[in-house]
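First the structure, in the form of structure tokens, and then the observations on it.
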Amino acid sequence: MSRATHPATYTPFFTRRRGTVFCEGVSLPAIAKSVSTPTYAYSRAAIETVYHKLDGALNAALGAIPHSICYAVKANSNLSILRLLAAMGSKFDVVSGGELERVRRAGIAPGRVVFSGVGKSREEIAEALRAGILLFNVESPAELDLLANEASRLRRRAPCATRVNPDVVAGAHPHIATGRRHHKFGVDWHVARRLYLEHRDSKWIAWHGISAHVGSQVLSLTPYRQALQKLAGHVRDLAAHGVKLRYLDIGGGLGVRYTNEKPPAFSAYARTLARETRGLGCSLLIEPGRAIVAVAGVLLMRVLYTKETRGKMFVVCDAAMNDFMRPALYGAVHPITAVVQKGREGKVQNVAIVGPVCETGDVFHDTWPLSRVKPGDVLALWGAGAYGASMTSNYNSRPRPAEVVVEGRRVRVIRKRETRADIMRGE
């Protein structure tokens, strides 16, 4: 089977009917016509189904072990997506004051929020303390000092965990591996242990947990097992010294299938968590983002031109690297197909699929098998639900794309397309 029709591009919520791709009950060409392009389109049913599958696997494997899914807001931070996940019971992991504000604007109680991130500012810490969040994941001694200072000033005790760097190998690309000792995240255990013991009787620091995050797009359970074994040992060590923890936060990072990847099943992932955390007396927190929303979204783009240069065929589209950064940033491979292939089956050629931004790196694929297309045809970039819209920019003064969610036969715009006036507002 050619990569252009790879089965990873289809789920029960994206199907071809007589050559045309549908998201639930709406054709992708109809969305492109009504909302224009580039546009992110998400299937509500896909998000709900994946969330319930993950939650069900955790319930089955963990049993009486308390646990919570804390959705990683950075993966897709649209307010409508956050409200949908909150309605299913999700908690949330944020890494900035802006993400905390998004969660609150979505009507979600701050008590359902874990605040991670290596560079929290004084203002962000104060905001989160006043809001009354569930947990701070502290990533340095200096941050802990600042947090204690702000907690004292505001007369609010800070619920804390220390993010320990487990020094395990994980992540599909060096830029999304986070758990090695040379990375900026977290602290070594000997540093964390000292912080726990020095502040175990603090008036303003309340030790509630311990955390780690091994990386992103992780396709093996081995890093989770290794990290959990280390964290479990740390929990027992601290308990022996009078520091009883309530939460063990193993972060997120579980990978998905974009093309030929083989991520672990949710059931196997959940069983690994259960084996390594049973008997600790801690509630387990996990922080998935990509695993929940990635395959629920596509980026729709329209062909502007085709041209041939010395035997190489270029397909120039109206979406660009500022609309979807992952290929340029990580070398990520996302399938791209025409949304209408009726009458064109078998007519496939290898092409470069590129955008209009003035950068050589504005390339979705340098060589990709694509059915014959012409200007005006609509293409879909698959697996765009995570780290797509949330990473967009206005480079080349390009307005950000629209976002829509499909709910059965209904299409709802959840983010209006930016205008040029939007871009220049505030200048």
Side-chain angles (χ1 to χ4, degrees), residues 2-6 9 14 16 19-21 23 27-41 258-259 297-384 388-389 391-404 416-420 422-423:
S2 78
R3 294 168 79 190
T5 55
H6 197 284
T9 60
F14 291 93
R16 279 200 184 270
T20 299
V21 181
C23 175
S27 76
L28 295 186
I31 296 173
K33 182 178 181 180
S34 64
V35 189
S36 191
T37 54
T39 289
Y40 282 93
Y258 290 116
T259 53
V298 297
L299 174 61
L300 300 178
M301 61 186 81
R302 198 175 295 274
V303 176
L304 297 174
Y305 307 101
T306 62
K307 71 173 186 178
E308 187 173 352
T309 302
R310 298 193 180 188
K312 183 170 184 175
M313 181 63 69
F314 290 86
V315 175
V316 184
C317 302
D318 63 358
M321 62 187 290
N322 72 291
D323 303 306
F324 191 73
M325 276 291 295
R326 298 196 73 250
L329 190 60
Y330 304 133
V333 178
H334 288 255
I336 295 179
T337 63
V339 301
V340 178
Q341 288 187 339
K342 191 173 182 179
R344 301 179 188 174
E345 291 83 350
K347 298 179 180 178
V348 173
Q349 56 184 339
N350 288 322
V351 302
I353 305 175
V354 303
V357 156
C358 194
E359 293 281 349
T360 303
D362 182 23
V363 177
F364 294 117
H365 291 287
D366 187 60
T367 303
W368 184 259
L370 187 70
S371 59
R372 298 287 177 92
V373 295
K374 63 183 185 303
D377 285 351
V378 178
L379 307 181
L381 182 150
W382 297 86
M391 295 178 73
T392 57
S393 77
N394 291 127
Y395 187 48
N396 282 194
S397 289
R398 289 171 50 83
R400 288 181 174 88
E403 295 176 83
V404 304
K416 295 179 181 179
R417 187 179 311 283
E418 278 187 335
T419 66
R420 292 175 182 173
D422 292 329
I423 297 175

Is there a side chain to side chain contact (heavy atoms under 4.5 Å, CB included) between Glu418 and Asn394? Walk through the geometry before answering. CA-CA 10 Å; Glu418 278 187 335; Asn394 291 127; 2.9 Å; yes
Non-hydrogen side-chain atoms of Pro335 and Thr259 separated by less than 4.5 Å: yes
Give me the atom names and distance for the closest heavy-atom approach of Pro401 to Pro38. CB-O, 3.3 Å
Return the CD to OG1 distance between Glu403 and Thr392, rounded to the nearest 0.5 Å. 7.5 Å
Can you check side chain to side chain contact (heavy atoms under 4.5 Å, CB included) on Thr337 and Ser371, steps first, answer last? CA-CA 8 Å; Thr337 63; Ser371 59; over 6 Å; no
Taking side chain as C-beta onward, heavy atoms only, is Val378 less than 4.5 Å from Pro29? no
Ion pair present between Lys312 and Asp366, side-chain N to carboxylate O less than 4.0 angstrom? yes
Which value, rounded to the nearest 0.5 Å, describes the distance between Lys33 atom NZ and Arg302 atom CZ? 10.0 Å
Closer than 4.0 angstrom, basic N to acidic O: yes or no for Arg398 and Asp323? yes
Once rounded to the nearest 0.5 Å, what's the spacing between atom OG1 of Thr37 and atom CD1 of Ile31? 12.0 Å
Atom pair OG1/CE of Thr367 and Met313 - distance to nearest 0.5 Å: 13.0 Å
Closest non-hydrogen atom pair between Val21 and Ala338, with its separation: CG2-O, 4.4 Å
Between Leu379 and Cys317, is a side chain to side chain contact (heavy atoms under 4.5 Å, CB included) present by the stated rule, with each step listed? CA-CA 9 Å; Leu379 307 181; Cys317 302; 3.7 Å; yes
Are more than 12 heavy atoms from other residues, nucleotides or ligands located less than 6.0 Å from atom CZ of Phe314? yes
Strictly distance-based, threshold 3.5 Å: is any side-chain N or O of Asn396 a donor or acceptor partner for the main-chain N or O of Cys358? yes
Give me the atom names and distance for the closest heavy-atom approach of Leu28 to Ala380. CD1-CB, 4.2 Å
Any donor-acceptor N/O pair, Trp368 side chain to Ile336 backbone, under 3.5 Å: yes
Do Thr39 and Arg417 meet the criterion of a side-chain donor-acceptor pair at a distance under 3.5 Å? yes
Partners of Arg420 by side-chain hydrogen bond (donor to acceptor under 3.5 Å, both in side chains), sequence neighbours excluded? none
Minimal heavy-atom distance between Gly361 and Ala328, with the atoms involved, is O-CB, 3.7 Å
Could you tell me if the side chain of Val354 sits less than 4.5 Å from the side chain of Asp362, heavy atoms only? no
Below 30° counts as parallel, above 60° as perpendicular, anything between as tilted: where do the rings of Trp382 and Phe14 land? perpendicular
How about Val333 and His365: do any of their side-chain heavy atoms sit closer than 4.5 Å? yes
If you compare all heavy atoms of Gly383 against all heavy atoms of His334, which two are closest, and at what distance to 0.1 Å? O-CE1, 3.2 Å
Classify the ring geometry of Tyr40 against Phe324: parallel below 30°, tilted from 30° to 60°, perpendicular beyond 60°. tilted
Is there side-chain contact between Tyr258 and Arg326, with at least one heavy-atom pair below 4.5 Å? yes
Determine, step by step, whether Met391 and Leu329 satisfy the side chain to side chain contact (heavy atoms under 4.5 Å, CB included) criterion, reporting the C-alpha distance in whole Å, the side-chain angles of both residues, the deciding distance to 0.1 Å, and the verdict. CA-CA 10 Å; Met391 295 178 73; Leu329 190 60; 3.4 Å; yes
Distance-minimising heavy-atom pair for Ala402 and Val35: CB-CG1, 3.9 Å
